[in-house]
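Indexing begins at 1, ligand by ligand and atom by atom, following the structure's order. All values below were derived from every heavy atom in this structure, side-chain atoms included, with hydrogens, water molecules and symmetry-related copies excluded. Nothing fancy with the numbering, it's 1 onward along the sequence.
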Amino acid sequence: MTSANRPAQAAVTVRAPAKVNLQLAVGPPRADGYHPLVTVFHAVSLFDEVTVLPAEKTALSVSGEDAAAVPLDRSNLAWKAAAALARAAGLRGFRVQIRITKRIPVAAGLAGGSADAAATLLACNELWQTGLSQRDLIELAAGLGSDVPFGLLGGTAVGRGRGEQLTPALATGSYHWALAFGHRGLSTAQVYATCDRLRAARAAAGDRPGPGEPELSNPLMAALRSGDPAQVGPLLSNDLQPAALSLEPGLRRTLTAGRENGALGAIVSGSGPTCAFLASDAARARDLAVALTSAGVCRAVARASGPVPGATVVRDRQPSR
Ligand code: C5P
């Protein structure tokens, strides 16, 4: 295929997963404002779906969870992903219809926007038959956002740099989660800035030195190799958690409710406000979800398991005539 604008008939649907961070170690801000990270990403079975179709005019529509909070113009990361792919493939004047079905809440610390961008990259790559490899797509993804490459890769992986430099992790077993969604979203940039502020205040008070370079938790990696959630649970860690809790103090109650109801580990996911609770099996995750719902400590609860693959084509078809 040589042009994005040929009258192609195919519609391509891709689904991409949410992530939780099993470890999120954050260093001091770099000159470009980003923070060096060492993180352990883990993709879970909560998916957004993106369908792309040839169109007369590029347009984006969103349905499902939090749809009203998602921009429909070129500021949407999925639109940017389509534009970046068209540029990389040398397609001028691309036109595509992007339909997003959201199940991952917006601004929740679950990388939902990044999942949509990853899904759009893969879907348009199929639709336009650009021939770009997964490695090419991952490189493009890094230019779109820190979490987008992981949306393509999935599984369990160590992220370094801004989070975009990925190495698959040796992890066995499957992990069952209850996810407690917050009443309002948190801005990732604001959570990082709050983290810096809290650290500076603590250092000024002589409480603690500033953060050093982030390091991978070897005990967590060993626990992941064992495949035993009881070993993994207590080793979950997130340097952004104090910042998320200072912006959303009610999350303390959410975390406490999860711990009191048998979670093996309880943590704010990424920049929050979603709280992720690790359970020993699927039945315990269900019990935990019920307990969190009846405790009234969150807006909604979902169950999910991981690891799951990254963005995957689920339908690639000729629409009926
Ligand atoms: O890369 P992404 O656009 O997802 O990042 C959103 C915001 O999160 C950035 O503008 C930055 O404020 C913050 N961030 C950071 N360090 C990272 C990743 C994100 O400071 N490693």
Side-chain angles (χ1 to χ4, degrees), residues 16-43 48 66 69-71 73-85 100 102 104-121 137-154 157-167 182 185-200 210-217 237-244 246-248 268-274 310-311:
K19 60 84 189 159
V20 296
N21 301 78
L22 308 180
Q23 181 194 3
L24 181 48
V26 178
R30 313 188 304 204
D32 65 1
Y34 279 91
H35 295 70
L37 304 182
V38 172
T39 187
V40 181
F41 288 114
H42 179 72
D48 278 1
D66 286 353
V70 181
D73 59 13
R74 57 189 72 223
S75 70
N76 187 300
L77 207 51
W79 189 311
K80 289 184 186 170
L85 180 69
I100 303 177
K102 288 209 70 66
I104 307 171
V106 173
L110 296 168
S114 300
D116 300 344
T120 305
L121 281 176
L137 294 185
I138 286 182
E139 214 175 291
L140 274 179
L144 293 165
S146 309
D147 293 341
V148 184
F150 182 71
L152 287 169
L153 186 68
V158 176
R160 297 177 192 274
R162 289 183 290 126
E164 85 288 13
Q165 296 161 21
L166 297 175
T167 318
L186 282 176
S187 141
T188 306
Q190 196 190 355
V191 174
Y192 273 99
T194 304
C195 174
D196 292 341
R197 204 167 31 73
L198 292 177
R199 284 173 163 179
E213 283 310 303
E215 282 179 23
L216 185 62
S217 161
S237 67
N238 180 0
D239 284 357
L240 291 182
Q241 187 159 306
S246 94
L247 290 165
E248 228 14 279
V268 170
S269 176
S271 54
T274 303

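Ranking protein heavy atoms by distance to atom 1 (O) of ligand 1, first place goes to S146 OG, 2.5 Å. Protein heavy atom in closest approach to atom 19 (C) of ligand 1: Y192 CE1, 3.6 Å.
A 4.5 Å side-chain heavy-atom check between L144 and L121 finds at least one atom pair inside the cut-off. Residues D196 and P29 meet the side-chain proximity criterion, which asks for heavy atoms closer than 4.5 Å. Using a 4.5 Å heavy-atom cutoff, the side chains of V70 and D116 are not in contact.
At under 3.5 Å, a nitrogen or oxygen of H35, whether backbone or side chain, sits near a nitrogen or oxygen of ligand 1.
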| said: Working note: L137 + L85, criterion side-chain contact (heavy atoms from CB on, under 4.5 Å); need CA distance, chi angles, decisive distance, verdict. | reply: CA-CA 8 Å; L137 294 185; L85 180 69; 3.7 Å; yes

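Atom CZ of R30 has more than 12 heavy atoms from other residues, nucleotides or ligands within 6.0 Å.
Under 4.0 angstrom from ligand 1, the non-hydrogen atoms of Y34 come from both its backbone and its side chain.
In this structure, the side chain of Q23 engages the main chain of S217 through a donor-acceptor pair within 3.5 Å.
Put simply, no part of D147 is less than 4.0 Å from ligand 1, judged by heavy atoms. Within the 4.0 Å heavy-atom shell around ligand 1 one finds G33.
The nearest non-hydrogen atom to atom 8 (O) of ligand 1, considering only T188, D196, L37, comes from T188.
Listed by number with element, the atoms of ligand 1 under 4.0 angstrom from any heavy atom of G145 are 1 (O).
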